[in-house]
Amino acid sequence: MNPDTLQKQITDERKLEMQRKDKSEAHLYMMLKVYTEDQFYGHQGNDLFDMDKIKSRDFRILKSLNLSGVMELLSDSYGYPIDNMRIWPLTLRTNQTNRPTTLEVEDAEKTVYDIAENDPTWIVFLETADPECQKALPQFDKDSDVLLFLKKYDPKTKTISYCGHIAVSITQKIYELIPLLCERGGFPEGTPLIIYEEVKPNLTEKIQDVRLQLDKALDELMDGDILVFQRDDPENDQYELATAKDYFRDLYYRIEVLLCDKTNLNDPGFTLTLSVKMNYFQIAKAIAAKLDTDPMLLQLFRAQPHRDGPSHPIRCAYEGTLRDLIFSLKPRTPNVKKLYYQRLTIKINELENKKQFRCVWVSNKLKEEEMVLYPNKDDTVAGLLMEAKLLKNRTLGNNGSGKLRLLEVISNKIHQVQQEDVLLECLNPVGTKTYRIEEIPEDQLDLNETELLLCVAHFQKELFSMFGVPFLIRVQEGEPFTEVRERIKNQLEISEKELEKIKFAIVLLGKTSYITEDEYRVSIKDFLPTSGGGKSFHNPNL
């Protein structure tokens with residue numbers, strides 16, 4: 001056997017044997033999960049940290065190990081002398097908070113499994129001495145002392161800063177802690193403070209009388225209680241969340257919402273943490289800050305309840321809250337709260353007073369471009385053309401007239417030129433009907449009695465199968481068709497050789513009459529509509 005193959009086989013067998021051994025001895029071990037104070041910094045929520053976001057340091061230990069053995073293991077792992085460390089088990093209180101609590105071990109030989117009350121996972125906070133002091137942790141009297149954790153709130157930035165922990169006598173008065181709190185919070189000595197107790201989610205109580213002892217000021221004083229303090233400043237009132245109580249109340253109502261771009265079907269979106277009490281403009285402001293845009297230039301949409309995708313737009317005058325927008329949907333994936341947004345070129349309040357009009361812009365080179373305009377809902381074609389001119393003014397041709405027209409196109413044939421006094425509500429693009437806007441060529445502005453605008457469309461073999469971009473040209477009574485042919489050639493920008501491949505026919509009511517180019521002279525009556533009003537065209541096709 002190849003030596004390398006033999007070595008690999010031996011290694012694999014050893015690994016398999018170890019796995020068998022671990023499995024057979026698994027019942028002898030438990031998991032010790034350790035959190036240290038370094039992991040509390042930066043936490044912006046309730047309690048001291050979020051177990052779902054902060055990873056513990058895990059140790060697989062024998063259930064039969066006693067507390068001394070655990071301390072030796074931690075001393076080796078963290079590099080602290082045993083006297084410079086203290087274990088505080090993390091306990092889920094009845095009010096659903098997770099706080100460190102006193103470790104009571106009367107029997108030194110009691111196993112860690114018994115200490116953890118037969119739980120295969122023991123979660124603890126490891127208190128360590130300041131490494132710069134090189135002193136052992138002071139003694140802690142579980143009957144007369146209490147372990148407190150400190151947080152500072154800044155209403156200007158709406159942020160929480162972790163400020164360490166203290167072990168003090170339960171008889172100490174609240175005001176006696178103020179110098180230490182000022183030092184921990186980075187405030188000048190003597191700064192007036194407001195102090196709160198963080199009791200549980202959505203319950204943060206202000207300590208009204210700082211002359212009281214801790215055991216009188218705090219309801220049911222326990223190890224692991226949290227004090228939150230902030231500067232007592234009249235300017236706080238100008239901020240959205242002026243007090244720590246406001247902050248934690250707002251925190252209680254926050255949810256994560258997925259925001260997706262409505263115009264991009266494959267957009268993975270981004271997540272924002274928002275309060276379910278937010279109104280429309282507060283939601284839009286938060287989204288706009290993320291997108292670096294004006295909140296008035298965003299339109300929001302609900303998510304559809306039964307399939308992925310945006311539903312109807314949400315009006316900016318919507319009086320409900322985010323809770324109404326999210327929780328009334330009952331989607332298939334209830335854990336995913338989703339809204340859609342769309343960037344706008346005009347402000348949302350203006351947009352909602354306007355009509356969205358989708359059409360096609362055609363350049364003097366017959367290049368098509370989709371265009372979305374927002375005229376007023378009660379506007380006419382004239383107002384629509386004015387909107388289009390504002391949008392396209394820089395791209396108008398140098399030799400053009402500067403005036404625009406709206407054409408109704410059905411199945412690649414120009415049906416009619418819409419009059420400027422027609423109300424937009426009368427225009428209905430359905431089926432193959434579309435609307436197109438273009439600049440009127442100079443030679444088509446003023447027509448006399450002997451002139452006509454003629455629709456030119458394209459077909460190949462089958463008359464009903466029109467294609468390409470139709471256009472209008474000016475023709476005059478009695479002019480040779482060779483002149484018309486030349487204008488069509490110039491409009492299409494094709495060579496004489498290419499033009500020779502094209503046949504011309506007059507199509508009227510589905511009937512085709514081919515033109516003898518050298519003999520035919522334009523007769524206006526050949527192109528007049530047989531029925532209908534306005535500028536309707538039964539179009540010749542190329």
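Note that these values count all heavy atoms, side chains included, but never hydrogens, waters or copies made by symmetry. All of these numbers come straight from a predicted model, not from anything done at the bench. Throughout, numbering of the chain's residues begins at 1 and tracks the sequence.
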Query raised in the report: Can M51 and N98 be said to form a side-chain contact (heavy atoms from CB on, under 4.5 Å), step by step?
Result: CA-CA 10 Å; M51 284 190 183; N98 215 325; 3.4 Å; yes

Between [X] and [Y], is any pair of side-chain heavy atoms under 4.5 Å apart?
X: I174; Y: L218; result: yes
X: L407; Y: Y435; result: no
X: T380; Y: L424; result: no
X: L193; Y: F187; result: yes
X: L126; Y: L74; result: yes
X: I488; Y: N490; result: no
X: Y280; Y: L325; result: no
X: L339; Y: L322; result: yes

Search all heavy atoms of [X] against all heavy atoms of [Y] and return the closest pair with its distance.
X: R231; Y: P188; result: NH2-CD, 4.4 Å
X: E352; Y: I314; result: OE2-O, 3.7 Å
X: L445; Y: S401; result: CD1-CB, 3.5 Å
X: L214; Y: V168; result: CD1-CG2, 3.5 Å
X: M371; Y: A388; result: CE-CB, 4.1 Å
X: C182; Y: T191; result: SG-O, 3.5 Å

Query raised in the report: Under the side chain to side chain donor-acceptor pair (under 3.5 Å) test, which residues partner W122, sequence neighbours left out?
Result: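 W122 satisfies side chain to side chain donor-acceptor pair (under 3.5 Å) with no residue once adjacent residues are dropped.
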
For atom [atom1] of [X], decide whether the heavy atoms of other residues, nucleotides or ligands shown that lie under 6.0 angstrom number more than 12.
X: E319; atom1: CD; answer: no
X: M31; atom1: CE; answer: yes
X: Y252; atom1: OH; answer: no

Output every pair passing salt bridge (Lys or Arg N to Asp or Glu O under 4.0 Å) with a member in [range], not counting sequence neighbours, ordered by first then second residue.
range: residues 369-386; result: R358-E370, E369-K392
range: residues 428-438; result: R405-E438, R436-E438
range: residues 267-280; result: none

**Report entry** Criterion side chain to side chain donor-acceptor pair (under 3.5 Å) on D38 and T36, from CA distance to verdict
**Finding:** CA-CA 5 Å; D38 291 344; T36 58; 4.6 Å; no

From [atom1] ([X]) to [atom2] ([Y]), nearest 0.5 Å:
X: Q208; Y: I194; atom1: CD; atom2: CD1; result: 10.0 Å
X: C163; Y: F229; atom1: SG; atom2: CZ; result: 4.0 Å
X: I123; Y: L32; atom1: CD1; atom2: CG; result: 10.0 Å
X: D233; Y: Q238; atom1: CG; atom2: CD; result: 8.5 Å
X: F270; Y: L272; atom1: CZ; atom2: CG; result: 5.0 Å
X: L177; Y: I195; atom1: CG; atom2: CD1; result: 7.0 Å

State whether the side chain of [X] and the backbone N or O of [Y] hold a donor-acceptor pair below 3.5 Å, judged by distance alone.
X: Q444; Y: L472; answer: yes
X: D225; Y: M222; answer: yes
X: E439; Y: G402; answer: yes
X: Y196; Y: L227; answer: no
X: S363; Y: K365; answer: yes

Would you mind writing out the side-chain donor-acceptor pairs for residues 146-157 within the sub-3.5 Å range, not counting sequence neighbours?
{"from": "K151", "atom 1": "NZ", "to": "G45", "atom 2": "O", "distance (Å)": "3.1"}
{"from": "K151", "atom 1": "NZ", "to": "D47", "atom 2": "O", "distance (Å)": "2.5"}
{"from": "K151", "atom 1": "NZ", "to": "E198", "atom 2": "OE1", "distance (Å)": "2.9"}
{"from": "K152", "atom 1": "NZ", "to": "G185", "atom 2": "O", "distance (Å)": "3.1"}
{"from": "Y153", "atom 1": "OH", "to": "L241", "atom 2": "O", "distance (Å)": "2.6"}
{"from": "D154", "atom 1": "OD1", "to": "K156", "atom 2": "N", "distance (Å)": "3.0"}
{"from": "D154", "atom 1": "OD2", "to": "T157", "atom 2": "OG1", "distance (Å)": "3.4"}
{"from": "T157", "atom 1": "OG1", "to": "T159", "atom 2": "OG1", "distance (Å)": "2.6"}

Query raised in the report: F471 and L366: side-chain contact (heavy atoms from CB on, under 4.5 Å), yes or no, with the steps?
Result: CA-CA 8 Å; F471 58 92; L366 298 183; 3.7 Å; yes

Listed by chain and number, what are the side-chain contact (heavy atoms from CB on, under 4.5 Å) partners of [X], not counting sequence neighbours?
X: I54; value: Y35, Q39, F49
X: L212; value: D209, K216, A217
X: L203; value: V199, K200, E205
X: T321; value: R323, D324

Check residues 281-301 and write down every donor-acceptor pair under 3.5 Å in which the side-chain atom is one partner and the other belongs to a residue at least two apart or another chain.
{"from": "Q282", "atom 1": "OE1", "to": "N279", "atom 2": "N", "distance (Å)": "2.9"}
{"from": "D294", "atom 1": "OD1", "to": "M296", "atom 2": "N", "distance (Å)": "2.8"}
{"from": "Q299", "atom 1": "OE1", "to": "Q342", "atom 2": "NE2", "distance (Å)": "3.2"}

Query - F125 and H165 aromatic ring geometry - parallel, tilted or perpendicular at 30°/60° bounds - result: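 Ring orientation, 0 to 90° scale: perpendicular.
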
Query raised in the report: With sequence neighbours left out, what residues match R249 under salt bridge (charged side-chain N to carboxylate O under 4.0 Å, His left out)?
Result: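 R249 satisfies salt bridge (charged side-chain N to carboxylate O under 4.0 Å, His left out) with D246 only.
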
Requested in this report: Could you pull out all residues at least two apart from D261 that satisfy salt bridge (charged side-chain N to carboxylate O under 4.0 Å, His left out)?
Outcome: none

Query raised in the report: Regarding D119 and T121, is there a side-chain donor-to-acceptor distance under 3.5 Å anywhere?
Result: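 Result is no, nothing qualifies.
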
Query raised in the report: Given V362 and I437, is the side-chain contact (heavy atoms from CB on, under 4.5 Å) satisfied, shown in steps?
Result: CA-CA 6 Å; V362 175; I437 297 176; over 6 Å; no

Report summary line: Exactly one candidate in E387, K354, K355 meets side chain to side chain donor-acceptor pair (under 3.5 Å) with N376; the answer is K354

Query - Y78 six-ring face occupied by R57 cation (under 6.0 Å, within 45°) - result: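 Yes, R57 lies over the aromatic ring of Y78.
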
Report task. Evaluate the criterion side chain to side chain donor-acceptor pair (under 3.5 Å) for residue pair Y374 and E350; output intermediate values, then yes/no. Result -> CA-CA 9 Å; Y374 297 95; E350 297 176 17; over 6 Å; no

Query raised in the report: Does the gap between the ring centers of Y162 and Y41 come in under 6.0 Å?
Result: yes

